[in-house]
Peer 1: 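One structure is given below, represented as structure tokens, and several questions about it will come after.
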Amino acid sequence: MANVAVVGLGIMGRGMAENLLKHGHTVTVWNRTPARAAELADAGATVAATPAEAAARADVVFEVTADDASSRAVWQGPDGILAGARSTTVLIASATLSVDRIEDLAARCMQQGLPFYDMPLTGGAVAARTGTLVLLAGGDADGLPALQPVFDAIARDVRHFGPAGAGTRFKLVLNALQAVHLAGFGEALRLAEAAGLDPHQVGEALLDRPGGVVTRLAWDSYLTPPEPLNFSAAWAHKDLSYAARMADGAGQDRHPLLDGVLSLFTTALAEGRAHEDWSTVNPTAAR
């Protein structure tokens with residue numbers, strides 16, 4: 001069993017910590033809001049006073065915060081993960097960050113001689129609760145087998161995409177495509193209703209063709225607004241913004257699809273829907 005720290009106890013981090021405890025690992029947690037960490041203490045976790053203290057106790061550290069700003073806050077400075085990590089501590093960034101941020105973080109870890117992976121998560125809240133996440137890894141492939149007992153507690157698969165930063169690049173590609181698909185489903189329902197079709201009949205047919213995970217998610221969200229959220233509009237907007245920056249940094253002309261869907265989420269945030277499910281950009285049966 002390993003000593004594992006989880007820094008950041010939102011939906012994903014909390015699920016990971018709970019499953020690590022269930023599998024017998026020693027778990028240390030830290031969260032900006034102490035009450036969330038205290039709840040896990042009742043399940044057997046040790047609550048650290050700072051991210052540095054959490055890292056100092058651990059063989060493996062997962063950082064699962066929200067964005068670039070929260071990442072900087074927990075990694076850097078005298079109370080940050082980098083200040084507490086030992087030379088053998090494996091550091092894993094599981095937040096979805098910008099390419100610029102992940103490259104800066106990887107460079108900082110390299111300068112200190114610390115093993116580092118970027119390993120964003122996919123599967124959503126249900127996968128976090130059930131320990132069936134998919135980990136999207138960038139970093140040294142040779143080091144992954146030794147971490148498998150830890151991964152087994154939280155994930156059904158680990159997919160390696162290349163050197164540090166590759167996992168983040170794939171996650172931004174993935175979330176951009178999922179957001180386009182989700183918004184496309186909503187547009188299809190609007191078109192169907194305008195054409196005089198029964199949206200319930202159309203939705204059921206779309207589950208068959210084109211089908212797929214995101215079609216199912218969009219249709220379920222149409223029928224019943226999800227509670228708890230699958231993914232917030234604010235997080236979708238953040239990831240699409242990072243994807244757009246990645247495209248700009250790669251010298252790629254951004255396709256109107258990406259800008260159009262980003263605009264939908266920008267409008268949702270401006271209208272005060274940041275903390276609604278990302279399906280808020282689509283019609284629902286309740287509206």
Side-chain angles (χ1 to χ4, degrees), residues 6-8 10-13 15-16 60-72 74-75 90-107 109 116-128 131-141 143-144 147 150-151 154-183 212-214 217 229-250 252 254-255 257-259 261-262 265 277-279:
V6 180
V7 175
I11 292 171
M12 307 303 279
M16 293 166 71
V60 181
V61 178
F62 288 96
E63 175 254 322
V64 202
T65 63
D67 54 22
D68 286 4
S70 59
S71 169
R72 280 189 288 272
V74 300
W75 283 91
V90 178
L91 303 178
I92 301 174
S94 286
T96 302
L97 305 173
S98 71
V99 170
D100 290 345
R101 172 60 191 154
I102 208 68
E103 288 183 344
D104 176 75
L105 184 53
C109 290
F116 173 76
Y117 293 91
D118 65 313
M119 207 171 289
L121 316 166
T122 188
V126 171
T132 56
L133 292 164
V134 176
L135 309 181
L136 311 172
D140 179 16
L144 292 175
L147 298 170
V150 173
F151 298 151
I154 60 174
R156 65 176 175 83
D157 196 12
V158 181
R159 297 179 183 170
H160 182 256
F161 288 91
T168 293
R169 287 173 168 84
F170 175 76
K171 179 64 184 296
L172 296 177
V173 168
L174 172 65
N175 278 11
L177 178 58
Q178 291 188 128
V180 167
H181 188 153
L182 182 84
V213 172
V214 181
L217 182 150
L229 306 187
N230 293 309
F231 195 56
S232 76
W235 293 338
H237 181 270
K238 180 260 298 184
D239 290 356
L240 285 164
S241 299
Y242 290 167
R245 282 168 51 186
M246 180 172 70
D248 291 343
Q252 176 187 350
R254 296 212 303 261
H255 194 281
L257 270 176
L258 178 57
D259 283 344
V261 175
L262 177 56
F265 283 97
D277 189 80
W278 63 332
S279 59

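Remember, it's a predicted structure, so these values are computed and weren't measured experimentally.
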Peer 1: In this structure, which one of Ser71, Ser94, Ser70 forms a side chain to side chain donor-acceptor pair (under 3.5 Å) with Thr65?
Peer 2: Ser70
Peer 1: Minimum heavy-atom separation for Ala141 to His160, with atom names?
Peer 2: CB-CE1, 3.6 Å
Peer 1: Please find the pair of heavy atoms, one from Leu262 and one from Ser241, that lie closest to each other, and give the distance.
Peer 2: CD1-OG, 3.7 Å
Peer 1: Check Asp248 with Arg245, please: is the shortest side-chain N to carboxylate O separation under 4.0 Å?
Peer 2: no
Peer 1: Verify side-chain contact (heavy atoms from CB on, under 4.5 Å) between Leu174 and Leu136, making sure each step is shown before the conclusion.
Peer 2: CA-CA 10 Å; Leu174 172 65; Leu136 311 172; 4.3 Å; yes
Peer 1: On a heavy-atom basis, which atom in Glu63 and which in Leu97 lie closest, and how many Å separate them?
Peer 2: OE1-CD1, 4.5 Å
Peer 1: Are Leu91 and Leu105 side-chain neighbours, meaning at least one heavy-atom pair lies under 4.5 Å?
Peer 2: no
Peer 1: Is the closest side-chain donor-acceptor distance between Tyr242 and Asp68 under 3.5 Å?
Peer 2: yes
Peer 1: Any chance the side chains of Asp100 and Ser98 put a donor and an acceptor closer than 3.5 Å?
Peer 2: no
Peer 1: Could you check Leu144, Thr122, Ile154 and say which one makes a side chain to side chain contact (heavy atoms under 4.5 Å, CB included) with Leu135?
Peer 2: Ile154
Peer 1: Heavy atoms only: give me the nearest Phe116-Ala164 pair and the separation to one decimal.
Peer 2: CD2-CB, 4.2 Å
Peer 1: Checking the side chain of Asp157 only, and the main-chain atoms of Val134 only, is there a donor and an acceptor separated by less than 3.5 Å?
Peer 2: no
Peer 1: How close do Ala93 and Ile102 get, heavy atom to heavy atom, and via which atoms?
Peer 2: CB-CD1, 3.9 Å
Peer 1: Aromatic rings Phe151 and Phe62: how do their planes relate, parallel, tilted or perpendicular, breaks at 30° and 60°?
Peer 2: perpendicular
Peer 1: Using modelled atom types only, decide if a donor and an acceptor are shared between the side chain of Lys171 and the backbone of Asp239 within a distance under 3.5 Å.
Peer 2: no
Peer 1: Kindly compute the distance separating OG1 (Thr96) from CG (Leu121), expressed to the nearest 0.5 Å.
Peer 2: 7.0 Å
Peer 1: Rounded to the nearest 0.5 Å, what separates atom OG1 in Thr168 from atom CD in Glu103?
Peer 2: 9.5 Å
Peer 1: Looking at Ser232, is its backbone amide N or carbonyl O close enough to the side chain of Asp277 to form a donor-acceptor pair, meaning the two atoms are under 3.5 Å apart?
Peer 2: no
Peer 1: Tell me, do Leu217 and Gln178 make a side-chain contact under 4.5 Å, heavy atoms counted?
Peer 2: no
Peer 1: How many angstroms lie between CG in Leu258 and CE in Met246, if you round to the nearest 0.5 Å?
Peer 2: 9.0 Å
Peer 1: Would you sort out whether Asp67 and Trp235 count as a side-chain contact (heavy atoms from CB on, under 4.5 Å), showing the intermediate values?
Peer 2: CA-CA 9 Å; Asp67 54 22; Trp235 293 338; over 6 Å; no
Peer 1: Measure the CG-CG distance between Leu177 and Leu257 for me, rounded to the nearest 0.5 Å.
Peer 2: 10.0 Å
Peer 1: Can you name the nearest heavy-atom pair linking Leu133 to Ala128, along with the distance?
Peer 2: CD2-N, 3.7 Å
Peer 1: Measure the shortest side-chain to side-chain distance between Pro120 and Phe170 over non-hydrogen atoms and say whether it is less than 4.5 angstrom.
Peer 2: no
